[in-house]
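A quick write-up on the structure given underneath.
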Amino acid sequence: MPSIVVPAVRDLEAIAVEAVAEGAATIRAATGQLGSIDTKSSPTDPVTALDLAVEQVVREHVARRTPGSSFLGEEEGARPGDSSLGWILDPIDGTVNLTYDVPLIAVSLAATVHGEVVAGAVVDVWRDEVFSAAAGSGARRDAESIAPSSVRELSQALVATGFDYSSDGRAAEVVGFGRVLPAARDIRCFGSSALHLCWVACGRLDAYYQRNMKRWDYAAGAIIASESGARLEPPSEQNGQLMVAASPLVFEPLRRLLV
């Protein structure tokens, strides 16, 4: 069988942009029609019928555009492919916001080659902003280049965070939160990991940190933040599954507080 040609990274970025836009349109068309609501890892971790519908729409889109690619979705898990190309999807990042009618949710999709993220796109569903990036090609918001803030002091930085779904994890997070809050301008939690990362990328936030994320939570947002020029430390076993993304000059003082 002939080998499958993997598109260039900028083409993968464009495909991701198309796919998340289709996912966002599915959400907007279903306003007020969440369908059934269930829970996953804990009672605070919901999944709706709309999450599943968006995942199907995006999966079908990338399957048409990149036949043979593998696919990892938050709701339906992994599907193997026949090439080195893969996709990682969070169909609705901010499902808790969705269930409370808080207008802050995203669709997040990353492309991988041999397991490494090389492109991604995140759409802010209700603002209709699309953030995207490709490896070595910078990051964009609605096709215009973006860069992180130039804030120089943590005391002047607006920091975002998110919280574990487990009660034990949340109890542990209080320690870091207690260190950061007195040191920063303020802390916000908007309920979408992908948008937190994109907002660091464009300077809407100065920094973001969170522990115990899944790969679909940050795959697209991380490459967007990194390609924008923000400094990024991805989660790993060595750092206690901590994600930190920040404007370059406030990264180190923030990181020192998150031991």
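In this chain, numbering begins with 1 at the start of the sequence shown. Any value given below was found using the heavy atoms of this structure, including those in side chains, with hydrogens, waters and symmetry copies removed.
- Using a 4.5 Å cut-off on side-chain heavy atoms (C-beta onward), N239 and R255 make contact.
- Interatomic distance, E227 CD to F131 CZ, rounded to the nearest 0.5 Å: 15.5 Å.
- Linking Ile, Leu, Val, Met, Phe, Trp and Tyr residues whenever their side-chain heavy atoms come within less than 4.5 Å places V102 and V96 in a single cluster.
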Show which side-chain atoms of residues 243-254 pair as donor or acceptor with protein atoms under 3.5 Å away, not counting sequence neighbours.
unit_1, atom_1, unit_2, atom_2, d
S247, OG, S149, O, 2.6
E252, OE2, R231, NH1, 3.0
E252, OE2, R231, NH2, 2.8

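- Linking Ile, Leu, Val, Met, Phe, Trp and Tyr whenever their side-chain heavy atoms come within less than 4.5 Å leaves Y209 and Y218 in two separate clusters.
- Atom-to-atom distance recorded for Q156:CD and R185:CZ is 4.5 Å, nearest 0.5 angstrom.
- Both V123 and I27 belong to a common hydrophobic cluster when Ile, Leu, Val, Met, Phe, Trp and Tyr are linked at side-chain heavy-atom distances under 4.5 angstrom.
- Looking at D168 and S166, their side chains never bring a donor and an acceptor atom within 3.5 Å of each other.
- A salt bridge links R10 to E13: at least one charged side-chain nitrogen sits closer than 4.0 Å to a carboxylate oxygen.
- Counting all heavy atoms, side chain and backbone alike, A16 lies closest to W87 at CB-CZ3, 4.0 Å.
- Of all heavy-atom pairs between A157 and D206, the closest is CA-OD2, 3.3 Å.
- More than 12 heavy atoms of other residues, nucleotides or ligands shown are found within 6.0 angstrom of CG on D186.
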Original post:
So R28 and V125, side-chain contact (heavy atoms from CB on, under 4.5 Å) or not? Walk me through it.
Top reply: CA-CA 8 Å; R28 295 186 198 109; V125 172; 4.0 Å; yes
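- At a cut-off of 3.5 Å, with distance as the only test, no side-chain donor of N97 or S192 sits close to an acceptor on the other residue.
- Contact between L257 and V180 at its shortest, heavy atoms only, is CD1-CA, 4.1 Å.
- Taking both residues in full, the closest heavy atoms of A30 and L50 are given as CB-CD1, 3.7 Å, listed atom of the first, atom of the second, then distance.
- Under the 4.5 Å side-chain heavy-atom criterion for ILVMFWY residues, a single connected hydrophobic cluster contains both L158 and L104.
- For the pair L85 and P7, the minimum side-chain heavy-atom distance is below 4.5 Å.
- A distance of 3.5 Å separates OG in S193 from OH in Y208, rounded to the nearest 0.5 Å.
- Distance CD/E74 to CG/L52: 10.0 Å, rounded to 0.5 Å.
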Original post:
Can L195 and D93 be said to form a side-chain contact (heavy atoms from CB on, under 4.5 Å), step by step?
Top reply: CA-CA 8 Å; L195 289 178; D93 187 35; 5.7 Å; no
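- Of the possible donor and acceptor atoms, one in the side chain of R170 sits under 3.5 Å from a partner among the backbone N and O of D164.
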Subject >> Evaluation steps, side-chain contact (heavy atoms from CB on, under 4.5 Å), between V9 and V113 >> reply: CA-CA 9 Å; V9 292; V113 176; 5.8 Å; no
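- In this structure, E55 contributes its side chain and E76 its backbone to a donor-acceptor pair below 3.5 Å.
- Closest approach of A135 to I223, counting heavy atoms only: N-CD1, 4.0 Å.
- Distance check: W216 CH2 to L89 CG gives 10.0 Å after rounding to the nearest 0.5 Å.
- Looking only at side-chain heavy atoms (C-beta outward), D142 and E129 come within less than 4.5 Å of each other.
- Distance CZ/F163 to CD/Q210: 8.5 Å, rounded to 0.5 Å.
- In this structure, P91 and D51 approach most closely via the heavy-atom pair CB-O, 3.5 Å.
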Subject >> Audit row: L197, L232, side-chain contact (heavy atoms from CB on, under 4.5 Å) steps and yes/no >> reply: CA-CA 10 Å; L197 287 162; L232 184 96; 4.1 Å; yes
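- Using a 30° and 60° split on the angle between ring planes, F190 and H196 fall in the tilted class, from 30° to 60°.
- Between the side chain of R141 and the backbone N or O of I146, no donor-acceptor pair lies under 3.5 Å.
- Under the 4.5 Å side-chain heavy-atom criterion for grouping Ile, Leu, Val, Met, Phe, Trp and Tyr, M213 is connected to L205 within one hydrophobic cluster.
- Residue pairs meeting the side-chain hydrogen bond (donor to acceptor under 3.5 Å, both in side chains) criterion with at least one partner in residues 110-124, sequence neighbours excluded, do not occur; the list is empty.
- Checking side-chain atoms of T66 against main-chain N and O of V62 turns up a donor-acceptor pair under 3.5 Å.
- Judged by distance alone, the side chain of S137 and the main-chain N or O of A133 form no donor-acceptor pair under 3.5 Å.
- Within 6.0 Å of CZ in R152 there are 12 or fewer heavy atoms belonging to other residues, nucleotides or ligands.
- Under the rule for a salt bridge (Lys or Arg N to Asp or Glu O under 4.0 Å), R215 has no partner lying at least two apart in sequence or in another chain.
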